[in-house]
Amino acid sequence: MGRHIMKRASVGGSTRVDAVRTIHDRYWARELRSAVLCGVLLFGALVLLDWGLVRFTAVRAGWWAVLAVLLLIILTPPRVSAADGGLDARGLVTHRRVRTDRLVTVRMSEGVSQRVILTDTSGGRLMLDLRVLIANPLLWHQLDQGARRSLERGTLRCGMPVLERLGRRIDGELCRAVLRASSMG
């Protein structure tokens, strides 16, 4: 979780401190390391296999490197952060941003890996893995606050029941984690 403090000088000469909080996914670095490790292990295994079969050439090593980099690109998770009333997801190639205080819809995708789909008034669309919100209560808190502001402004048309279910699930996961950490559960 990163926090930044900016100092701004006012016209009258006195200074005031505005706290600009940027909250990042706590586990992104760990997942990135895992993706890099998978790519390196795949490359190493393929090179060792080729070398053991006495078929190793520079061209084949290049192909194995391309395959390992492709796996790295596929496995690299987007870096999710929240600041200034918005949620960002930065991938290797893409950058998506949604204003949480201007949400229009909140939906859950069905399937094996559940995702939260957020859409705002300017057409921004963001798909978040549910596990990111469960693992990062501060990101969830930013989303929840922004959704409540959207509801007050009247821009959030559908999705409040989804957010309530999601909030109960995240609260339950957080309570179980606290009980596990305190050796009570």
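In this text, all values refer to a predicted model and were calculated from it rather than measured experimentally.
- In the hydrophobic cluster analysis, where Ile, Leu, Val, Met, Phe, Trp and Tyr join through side-chain heavy atoms closer than 4.5 angstrom, L163 is grouped apart from V104.
- The hydrophobic cluster containing I73 does not contain L71, counting ILVMFWY residues as joined when their side-chain heavy atoms lie under 4.5 angstrom apart, directly or transitively.
- Apart from V66 itself, the hydrophobic cluster it occupies contains nothing, where clustering links Ile, Leu, Val, Met, Phe, Trp and Tyr at side-chain heavy-atom distances under 4.5 Å.
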Could you pull out every donor-acceptor pair under 3.5 Å between side chains of residues 27-44 and any protein atom, sequence neighbours left out?
unit_1	atom_1	unit_2	atom_2	d
W28	NE1	P77	O	3.0
S34	OG	R30	O	3.1

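- The line from CZ of R180 to SG of C175 is 11.0 Å long, rounded to the nearest 0.5 Å.
- Under 3.5 Å, the side chains of T121 and T155 contain no donor-acceptor pair of N or O atoms.
- A pairwise comparison of heavy atoms in L126 and A89 identifies CD1-CB, 3.3 Å as the closest pair.
- For R157, the salt bridge (Lys or Arg N to Asp or Glu O under 4.0 Å) test picks out no residue, with sequence neighbours left out.
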Note to self: Could you walk me through whether D88 and R97 satisfy the salt bridge (charged side-chain N to carboxylate O under 4.0 Å, His left out) test, starting with their C-alpha distance in whole Å, then the side-chain angles of each, then the deciding distance to 0.1 Å, before giving a yes or no?
What the structure shows: CA-CA 4 Å; D88 291 327; R97 180 172 173 81; 2.9 Å; yes
Margin query: Please determine whether side chain to side chain contact (heavy atoms under 4.5 Å, CB included) holds for the pair L130 and L166, giving the CA-CA distance in whole Å, both sets of side-chain angles, and the decisive distance to 0.1 Å.
Written below: CA-CA 9 Å; L130 185 59; L166 191 57; 2.8 Å; yes
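- Applying the side-chain contact (heavy atoms from CB on, under 4.5 Å) criterion to D171, with sequence neighbours excluded, gives no partner residue.
- In this structure, the side chain of S109 does not engage the main chain of Q114 through any donor-acceptor pair within 3.5 Å.
- Two residues are said to be in side-chain contact when any heavy atoms from C-beta on lie closer than 4.5 Å; T119 and L103 fail this criterion.
- Pairing each heavy atom of V116 with each of M108, the nearest pair is CG2-SD, 3.5 Å.
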Item checked: Stepwise side chain to side chain contact (heavy atoms under 4.5 Å, CB included) test for V162 and R165 -> CA-CA 5 Å; V162 171; R165 276 195 318 266; 3.6 Å; yes
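- At distances below 3.5 Å, not a single donor-acceptor pair connects side-chain atoms of S81 with backbone N or O atoms of H24.
- Shortest non-hydrogen contact noted between N136 and R26 is OD1-N, 2.8 Å.
- Checked for salt-bridge contact, E152 and R149 miss the test: no charged N lies under 4.0 Å from a carboxylate O.
- Note: the hydrophobic cluster containing L75 does not contain L72 (ILVMFWY, side chain heavy atoms under 4.5 Å, direct or indirect links).
- Follow the hydrophobic side-chain contacts under 4.5 Å out from L46 and you never reach V59; the two are in separate clusters.
- In this structure, T22 contributes its side chain and A83 its backbone to no donor-acceptor pair below 3.5 Å.
- A salt bridge is defined here as a Lys NZ or Arg NE, NH1 or NH2 lying under 4.0 Å from an Asp or Glu carboxylate O, and D120 with R99 fails to meet this definition.
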Note to self: Set out, in order, the CA-CA distance, both residues' side-chain angles and the distance that settles side chain to side chain contact (heavy atoms under 4.5 Å, CB included) for L133 and L128, then state yes or no.
What the structure shows: CA-CA 8 Å; L133 292 175; L128 282 176; 4.2 Å; yes
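- The closest side-chain heavy-atom distance from R90 to R96 is not below 4.5 Å.
- By the criterion of side-chain heavy atoms lying less than 4.5 angstrom apart, applied directly or through intervening Ile, Leu, Val, Met, Phe, Trp or Tyr residues, L87 is not grouped with I117; the two fall into different hydrophobic clusters.
- Taking the side chain as every heavy atom from C-beta outward, F56 and R60 never approach each other to under 4.5 Å.
- Taking every heavy atom of both residues into account, I134 and R169 meet most closely at CD1-NE, 3.8 Å.
- The line from CZ of R131 to CZ of R115 is 7.5 Å long, rounded to the nearest 0.5 Å.
- Clustering of Ile, Leu, Val, Met, Phe, Trp and Tyr by side-chain heavy atoms under 4.5 Å joins L174 with none of the others.
- In this structure, R107 contributes its side chain and C158 its backbone to no donor-acceptor pair below 3.5 Å.
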Residues 138-146 side chain polar contacts: donor-acceptor under 3.5 Å, at least two apart:
unit_1	atom_1	unit_2	atom_2	d
H141	NE2	Q145	NE2	3.1
D144	OD2	R148	NE	3.2

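- Between the D25 side chain and the V80 main chain, no donor and acceptor come within less than 3.5 Å of each other.
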